[in-house]
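Below: one structure, written as C-alpha cells.
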Amino acid sequence: MKKLLYNMQKYSTINVENSINSGQVFLWKKNENYWYGVNGQDVLRVDEKGIIDSFHNSRTDFFRKKDNTESIIKSISKDKTVKNAVKKYPGLRILRQDPFQCLISFIVSSNSNIQKIKTSLENLSKKFGTKVEYENQEFFLFPKPEKLAKASINEIKSCGVGYRDKFIKEAARMILLEKIDLELLKKCKYEECKQSICTIPGVGNKVADCVMLFSLEKLEAFPLDRWMIRILEKYYFDKFQLDTKTVTEKQYDTLHEKIVNHFGPFAGYSQQFLFKMERENYQKKWL
DNA sequence: CCAAGGCCTGAATG
DNA sequence: ACATTCAGGCCTT
C-alpha cells in the first residue's frame with residue numbers, strides 16, 4: 001500500500017527540467033526559478049512543479065497532465081530496459097506542442113544538432129515572429145505560416161537553416177493553403193496522419209513521427225533517429241533484428257509495427273524515456 | 001524496392 | 001592553425 005502510494009505520487013509528478021531537456025523543444029530557457037518557452041503564438045512560464053502561466057493566459061495542457069501516467073507507464077513497462085529508464089527519469093513527459101512550430105522545428109532538425117536547431121529557430125522567430133514583452137523579458141513568438149510562406153528563400157536561408165530553406169517555405173505554404181490541416185490531423189488515425197504530413201517536403205518518417213508524437217496526439221509514434229536505432233541495436237537486438245545499416249522506408253514501417261506490438265499504444269512514451277536515458281549516459285548536451 | 005551520394009552549417013575532432 | 005568529420009534525415013538518381 002505504501003509502495004503503491006509512493007509510485008502514484010512519483011509518476012504523477014512532473015519533472016519539468018527533464019521534460020524540457022529531452023529533445024522535444026528548443027525555444028526554452030531558464031531564468032531564476034522559471035522556465036520560459038515560446039509555444040506558437042504564446043509564451044509559457046513554468047514553475048518547477050509544472051504550473052503554467054502564459055502571455056495570453058491560455059490554458060494549454062502542455063505537460064499532458066491529463067494523461068493517466070500510471071497506466072501509461074504500466075503499459076509500456078514491457079522489459080527491463082524501459083523499466084530502468086522509467087525509474088531513472090520519473091516525471092518525464094511528452095509535451096503537447098503547437099503543431100506548426102513543431103513541424104518547422106523538426107524539419108529544421110534533420111541532419112543537425114540541438115544547439116544549431118535552437119539558434120536557427122531563434123533566428124526565424126526574430127526575423128518573422130512578433131516581438132512581445134512578458135514579465136520584463138523580450139520574446140519573439142513563433143512565425144505564423146503566412147509569414148514564412150510569403151518570405152523569400154534567401155530571407156529564410158539567412159536564418160542559418162541551410163538547404164532546408166525551401167522545405168520551410170513550402171511547408172508553411174501548404175499549411176496556409178490548407179492542403180494540410182494540422183488540427184484536423186489530430187483527430188485522424190496514425191497511418192492517415194503520417195501519410196498526409198509525409199507529403200510535406202523535408203518530412204520523412206522520423207520527422208513525421210516527431211511531429212505526430214509531440215503535437216498531433218499520436219502517442220504510438222516512435223521516432224527512429226540514429227540514437228533510437230543504436231538503442232534498439234544495443235538493448236533490443238534479440239527482439240527487433242536490424243540487419244541493415246540504413247533504415248529504408250519499408251524497414252522503418254515494419255520496425256514500427258514490431259515496436260508497437262512490443263510497447264503498445266503508448267510506445268511514444270517509451271521512446272522518450274529510452275532516448276533521455278541513453279543521451280544522458282553519453283552526457284550529451286541539451287538546451 | 002534498395003543503395004549511394006549530396007546537401008547547409010558550425011562545433012568537435014585529428 | 002587547418003582539414004575533415006559529424007550531427008535527432010531527406011531527396012534524387
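Keep in mind the model is a prediction, meaning the values are calculated, not measured.
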ask   = How close or far is atom C1' of dA11(B) from atom NZ of Lys284(A), stated in whole angstroms?
value = 11 Å
request  = Anything under 30° is parallel, anything over 60° is perpendicular, the rest tilted; go ahead and classify Tyr36(A) against Tyr34(A).
outcome  = perpendicular
task = Under 4.0 Å between any heavy atoms, over every strand shown, what does Lys206(A) touch: base, sugar-phosphate, or nothing? Just pick one.
result = base
ask   = When you look at Glu138(A) and Lys131(A), which way does the salt bridge (charged side-chain N to carboxylate O under 4.0 Å, His left out) test go after all the steps?
value = CA-CA 7 Å; Glu138(A) 187 178 83; Lys131(A) 189 203 310 196; 3.3 Å; yes
query = What is the ring orientation for Trp227(A) with Phe275(A), classed by angle as parallel under 30°, tilted 30 to 60°, or perpendicular over 60°?
reply = perpendicular
task = Calculate the interatomic distance between Arg226(A) atom CZ and dT5(C) atom P; express it in whole Å.
result = 14 Å
key: Whether Tyr236(A) and His262(A) hold their rings parallel, tilted or perpendicular, with breakpoints at 30° and 60°   = perpendicular
message = Need one value for Ser22(A): base, sugar-phosphate or nothing, where a base atom within 4.0 Å counts as base even if backbone is also close, heavy atoms only.
response = base
ask   = Are any non-hydrogen side-chain atoms of Trp28(A) and Leu44(A) less than 4.5 angstrom apart?
value = yes
ask   = For the pair made of OH in Tyr252(A) and P in dG9(C), what is the distance, rounded to whole Å?
value = 11 Å
Whole-Å gap separating P (dA7(C)) and CG (Leu224(A)) = 17 Å
task = With P as the reference atom in both, quote the distance from dG9(C) to dC1(B) in angstrom, rounded to an integer.
result = 24 Å
inquiry  = When you measure from the side chain of Asn21(A) to the backbone of Trp286(A), do you find a donor-acceptor pair of N or O atoms at a distance under 3.5 Å?
reply    = no
inquiry  = Tell me whether the rings of Phe139(A) and Tyr134(A) are parallel (<30°), tilted (30 to 60°) or perpendicular (>60°).
reply    = tilted
ask   = What is the distance from CG of Asp253(A) to C1' of dC1(B), rounded to the nearest Å?
value = 12 Å
query = Could Lys284(A) and Glu280(A) be called an ion pair, given the rule that one side-chain N must be under 4.0 Å from one carboxylate O?
reply = no
side-chain contact (heavy atoms from CB on, under 4.5 Å) partner of Phe128(A), the single match among Ile156(A), Ile168(A), Leu141(A) = Ile156(A)
Polar side chain donor-acceptor pair, Asn31(A) to Gln137(A), under 3.5 angstrom = yes
message = If I take atom CD in residue Glu170(A) and atom P in nucleotide dC11(C), what distance separates them, rounded to the nearest angstrom?
response = 12 Å
Filtered N/O pairs between nucleotides 12-14 of chain B and protein, under 3.5 Å:
none

task = Using a heavy-atom cut-off of under 4.0 Å over every strand shown, decide if Pro201(A) touches base, sugar-phosphate, or nothing.
result = sugar-phosphate
ask   = On DNA chain C, nearest-nucleotide positions of Phe167(A) versus Ile114(A): which is more 5'?
value = Ile114(A)
inquiry  = Please classify the nucleic acid contact of Glu278(A) as base, sugar-phosphate, or nothing, using heavy-atom distances under 4.0 Å.
reply    = nothing
Same-atom distance (P) from dA1(C) to dT9(B), integer angstrom = 24 Å
message = From CD1 of Ile229(A) over to P of dC10(C), roughly how many Å is that when rounded to an integer?
response = 11 Å
request  = In whole angstrom, give me the gap between the P atoms of dG10(B) and dC11(C).
outcome  = 23 Å
query = Can Asn205(A) and Lys194(A) be counted as having a side-chain donor-acceptor contact under 3.5 angstrom?
reply = yes
note = Between CG of Leu103(A) and P of dC10(C) the distance, given in whole Å, is 12 Å
Sub-3.5 Å pairs of nitrogen or oxygen atoms, protein against nucleotides 8-10 of chain B:
residue	atom	partner	partner atom	Å
dC8(B)	O4'	Tyr163(A)	N	3.1
dC8(B)	O2	Arg164(A)	NH1	2.9
dC8(B)	N3	Arg164(A)	NH2	3.4
dC8(B)	N4	Asn111(A)	ND2	3.1
dT9(B)	O2	Lys116(A)	NZ	3.2

inquiry  = Defining pairs by Watson-Crick or G-U wobble geometry with both distances under 3.5 Å, how would you list the stems of DNA chain B with at least three pairs each?
reply    = B:3-7 with C:9-13, B:9-14 with C:2-7
task = Look at all strands and tell whether Asp165(A) reaches a base, only sugar-phosphate, or nothing, counting heavy atoms closer than 4.0 Å.
result = nothing
ask   = Taking the six-membered ring for Trp, is the centroid-to-centroid distance between Trp35(A) and Phe62(A) below 6.0 Å?
value = no
